[in-house]
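First listed ligand is number 1; within each ligand, the first listed atom is number 1.
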Amino acid sequence: MRVVPACLADVAALAGRLGRALLPLCDRCQVCRGLLPGAGGGGGAGAGSWHGGIGGKKSPVCPVCAPGLAPRCGGFCPRCGAFAVDADAPPELCLDCRHGGRVWDGFAFHGRYEGLLRELVLGFKFSGRLGQGRLLAGFLAEAWQRAAGRHGPGSMDAGAPDCLVPVPLHPRRLSWRGFNQSLELARLLGRELARPVCPAGLLRVRDTIPQSRLPGRKRLTNLAGAFTGQARLVAGRHVLLIDDVMTTGATVETAVRALRQAGAARVDVTVVAR
Ligand SMILES: [Zn+2]
Ligand SMILES: [Zn+2]
């Protein structure tokens with residue numbers, strides 16, 4: 001890794017805080033921190049490949065990183081995001097969704113939790129860098145739009161939600177980590193979709209063992225009673241639940257059940273990675 005003089009690091013930190021106005025002074029790839037191609041660059045990856053620009057904006061990712069962050073557009077279940085072997089196959093319901101169904105309504109995700117996307121999600125979780133958050137929220141917005149434009153199982157064709165609710169952290173975990181990445185993503189996405197964020201719509205009332213330390217079959221029982229929905233905030237409303245990653249789906253399932261118990265009329269789910 002290249003050593004960046006302290007004064008330059010300070011300039012980068014300051015630019016991050018002051019927002020887009022200063023960014024051209026130190027435009028860096030939000031994944032590898034390499035310098036982005038010249039002003040107005042917008043990528044430069046091969047024709048037809050995803051270049052990282054969100055909603056037509058200039059890409060915050062360099063041409064080397066962009067292809068590793070392309071959205072998954074085929075070979076997945078539209079109801080839960082489970083992957084098929086062929087990444088180019090049209091979206092098709094998986095066996096579980098064909099038989100059991102899911103507790104949520106619409107579902108959207110950006111890509112597979114591996115490689116660069118995984119690095120980016122973990123980087124944001126532990127650094128909280130605003131640029132990374134913006135990039136991930138852009139992924140959420142695009143995923144949501146793709147699902148809103150689709151029809152059939154798992155689609156978001158009910159339109160924009162009444163409010164966005166992030167998967168909460170238990171207060172003890174929150175004070176240890178300092179911020180809830182799902183809340184930050186929901187805030188950025190809420191701005192993008194012009195919808196309010198309602199962090200108190202779902203509370204984590206019981207601290208649990210981190211899901212990543214448990215085998216799949218124990219994850220649902222670990223979460224029993226972990227969340228409670230706030231009826232005064234979500235009853236009768238169309239809620240969009242936001243999380244960074246969904247692996248087995250146990251956390252999201254438990255959270256959606258709590259929102260439903262509190263009377264939410266419809267619950268869609270959007271996550272960055274699956
Ligand atoms: Zn890069
Ligand atoms: Zn499925």
Side-chain angles (χ1 to χ4, degrees), residues 1-2 4 12 16 23 26-39 41-46 49-54 57-70 72-87 89-124 127 129 131-136 138-139 143 146-147 150-156 216 219-220 241 243 245-253 256 267-271 273-274:
M1 207 175 111
R2 218 146 37 93
V4 180
L23 276 177
C26 52
D27 262 0
R28 286 187 175 274
C29 171
Q30 291 302 333
V31 182
C32 71
R33 306 302 289 157
L35 277 174
L36 288 175
S49 63
W50 185 81
H51 60 73
I54 306 283
K57 292 172 199 155
K58 187 189 166 196
S59 172
V61 179
C62 76
V64 177
C65 293
L69 293 168
R72 176 88 173 206
C73 290
F76 64 87
C77 168
R79 195 89 170 78
C80 75
F83 295 109
V85 180
D86 179 6
E92 196 182 343
L93 282 181
C94 71
L95 265 182
D96 281 353
C97 288
R98 236 176 278 166
H99 295 300
R102 297 284 173 181
V103 292
W104 54 83
D105 297 292
F107 182 84
F109 74 106
H110 174 79
R112 200 166 186 142
Y113 189 52
E114 62 182 14
L116 278 184
L117 185 60
R118 187 168 177 274
E119 278 178 37
L120 188 61
V121 167
L122 288 175
F124 178 58
S127 79
R129 229 168 51 213
Q132 292 177 331
R134 281 205 195 106
L135 180 58
L136 294 173
F139 291 165
R146 278 194 303 277
R150 235 177 24 220
H151 296 291
S155 87
M156 304 264 202
R219 292 187 177 195
L220 262 182
L241 182 72
D243 207 357
V245 181
M246 172 171 138
T247 44
T248 66
T251 303
V252 165
E253 184 179 328
V256 172
V267 185
D268 292 337
V269 174
T270 300
V271 299
R274 183 71 175 88

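- Residues A250 and R219 approach most closely at CB-CB, 3.7 Å, considering heavy atoms.
- With a cut-off of 2.8 Å, the protein N/O/S atoms near the Zn ion (ligand 2) add up to 4.
- Between F139 and H110, the ring-plane angle classifies as parallel under the 30° and 60° cut-offs.
- Of all heavy-atom pairs between R129 and Q30, the closest is NH2-O, 3.2 Å.
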side-chain contact (heavy atoms from CB on, under 4.5 Å) between L36 and R28, intermediate numbers included: CA-CA 5 Å; L36 288 175; R28 286 187 175 274; 5.6 Å; no
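- For the pair R112 and F83, the distance from NZ or CZ to the six-membered ring centre is under 6.0 Å and the angle to the ring normal is within 45 degrees.
- Annotation: cation-pi pair R118/Y113 present, NZ/CZ under 6.0 Å from the ring centroid and within 45° of its normal.
- For the Zn ion (ligand 1), protein N/O/S neighbours under 2.8 Å (waters excluded) are C29 SG, C32 SG, C62 SG, C65 SG.
- For A143 against T270, the heavy-atom pair with the smallest separation is CB-CG2, 4.5 Å.
- For R72 against G75, the heavy-atom pair with the smallest separation is NH2-O, 2.9 Å.
- Listed here is the closest heavy atom pair of C29 and C32: SG-N, 3.4 Å.
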